[in-house]
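Values below: all heavy atoms of this structure, side chains included; hydrogens, waters and symmetry mates excluded.
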Amino acid sequence: MIIQNNIAGINASRNRSITDGKMKKSLEKLSSGYRINRAGDDAAGLTISELMRTQIRGLEQAMRNTNDGIGLTQTGDGALAEVHSMLGRMKTLATQSANGTYTTVAREGLDFERQQLIDEINRIGLTTNFDEVPLFDGESQLPVIQPPEKADAGDITLQIGHTSEETLDVPRYRMNAWGLNIQDVNIRTIDEANAAMTNIDLAIEAVADIRAGFGASQSHLEHTYQNLSVTNENMTSAESRIRDTDMADEFTSLTRENVMFQAGASMCAQANSLPEMVMNLLR
């Protein structure tokens, strides 16, 4: 027996300290919900988790970008639907003016409506935008072209993924009387009305082609959104398995460490009572 160093007490205290540290870590994991709270918990797991979190945030922003892109294509298509309607009305006016039952004064009235419709087409091409991003070139006044003609400003590039390569270009076209090659049409005479019908038919076809482009882009974006959504869900699930706490498993560990801590505390008390046996021998 010795009294200078209580080896049993030191041993019991050391083991109790280890158990106390494990209990604190379990409590931290249970309270935070994370299995990995610092690099020391799992250095490799933390690295993988942080990379996955970066990708998940990129996917979430790409989903928002894709939704914005869908809104952009819908805005463009909605504007072109009105252009289609006005071109249809212009075709009706031209057909009406080509009829020999109308007087010069009547045709002047029909042509006045035709000019108002062209003014509105020009306005739509000039002012249609999505959050201040112009969807068409409504300013250029070109010589005779074969519509539809792409704008010099270039396509609208949408970022639809979390890497620089994942983009989608939405074409931007010239959308005004010049871009549709109807700037010189009029229906003031029978011959001019007959000539106008051909140009108007070509303009209707051109607008249909542009609308088809918007429709194709919208379909592309809708499928992209669904894919991003599934990928984001799977990535989040994978990151959760690495980073999050398994509550049932951690509660089991906490219960075990709690029992061990209480047993350690009891053993410390027992070890501290050993020197008293020496006192009993000295009596």
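For the pairing with F136, the side-chain contact (heavy atoms from CB on, under 4.5 Å) check across N129, L80, L126 returns one residue only, L80.
Under the 4.5 Å side-chain criterion, counting only non-hydrogen atoms from C-beta, N194 is in contact with M197. Residues Q141 and Q183 are not in side-chain contact: their nearest non-hydrogen atoms beyond the backbone lie 4.5 Å or more apart. You'll find the side chain of E108 stays beyond 4.5 Å of the side chain of F112, heavy atoms only. Side chains of L87 and I121 form a contact here, defined as non-hydrogen atoms less than 4.5 Å apart. Side-chain contact between L221 and L72 is absent, with no heavy atoms from C-beta onward closer than 4.5 Å.
Between D20 and K24 there is a salt bridge, since a side-chain N of the basic residue sits under 4.0 Å from a carboxylate O of the acidic one. Salt bridge absent: D137 and K150 never bring a charged side-chain N and a carboxylate O closer than 4.0 Å. Remark: R89 engages E113 in a salt bridge, criterion side-chain N to carboxylate O under 4.0 Å. Using a cut-off of 4.0 Å between Lys/Arg side-chain N and Asp/Glu carboxylate O, R35 and D246 are scored as not salt-bridged.
If you check the side chains of R241 and S237, you find a donor sitting under 3.5 Å from an acceptor. A donor and an acceptor atom, one from each side chain of D191 and T189, are nowhere located under 3.5 Å apart. When only modelled atom types and interatomic distance are considered, Q115 and D111 share no side-chain donor-acceptor pair under 3.5 Å.
For the atom pair CE (M23) and OG1 (T255), the distance works out to 9.5 Å, reported to the nearest 0.5 Å. Interatomic distance, CE of M247 versus OG1 of T252, reported as 11.5 Å (0.5 Å rounding). Atom CG of residue N67 and atom OG1 of residue T224 lie 11.5 Å apart, to the nearest 0.5 angstrom. Atom CG of L180 and atom CD of E205 lie 12.0 Å apart (nearest 0.5 Å).
For the salt bridge (Lys or Arg N to Asp or Glu O under 4.0 Å) test, residues two or more places apart in sequence or in another chain that qualify with E120 are R123. Among residues two or more places apart in sequence or in another chain, the side chain to side chain contact (heavy atoms under 4.5 Å, CB included) test is passed with T19 by E257, M260, F261. Scored by the salt bridge (Lys or Arg N to Asp or Glu O under 4.0 Å) test, E50 finds R243 as partners (sequence neighbours excluded). With sequence neighbours excluded, the residues forming a side-chain hydrogen bond (donor to acceptor under 3.5 Å, both in side chains) with E28 are R38, listed by chain and number.
In this structure, Q74 places its CD atom where more than 12 heavy-atom neighbours from other residues, nucleotides or ligands lie under 6.0 Å away. More than 12 heavy atoms of other residues, nucleotides or ligands lie within 6.0 Å of CZ in F130, so this atom counts as buried by the packing criterion.
Hydrophobic cluster of I36: the remaining members, joined at side-chain heavy-atom separations below 4.5 Å, are L46, I48, M52, I56, L59, M63, Y225, L228, M235, I242, listed by chain and number. Applying the under-4.5 Å side-chain rule to Ile, Leu, Val, Met, Phe, Trp and Tyr, the cluster around I18 consists of that residue alone.
Grouping the Ile, Leu, Val, Met, Phe, Trp and Tyr side chains by contacts below 4.5 angstrom, directly or via other members, places W178 apart from M90. Cluster annotation: L93 and L202 are assigned to distinct hydrophobic clusters (Ile/Leu/Val/Met/Phe/Trp/Tyr, side-chain heavy-atom contacts under 4.5 Å, transitive).
Closest approach of A98 and I190 over heavy atoms only: O-CG2, 3.6 Å. Shortest non-hydrogen contact noted between S49 and E239 is OG-OE2, 2.6 Å.
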Where do V185 and R114 land on the side chain to side chain contact (heavy atoms under 4.5 Å, CB included) test, with the steps shown first?
-> CA-CA 9 Å; V185 303; R114 187 270 315 165; 4.2 Å; yes
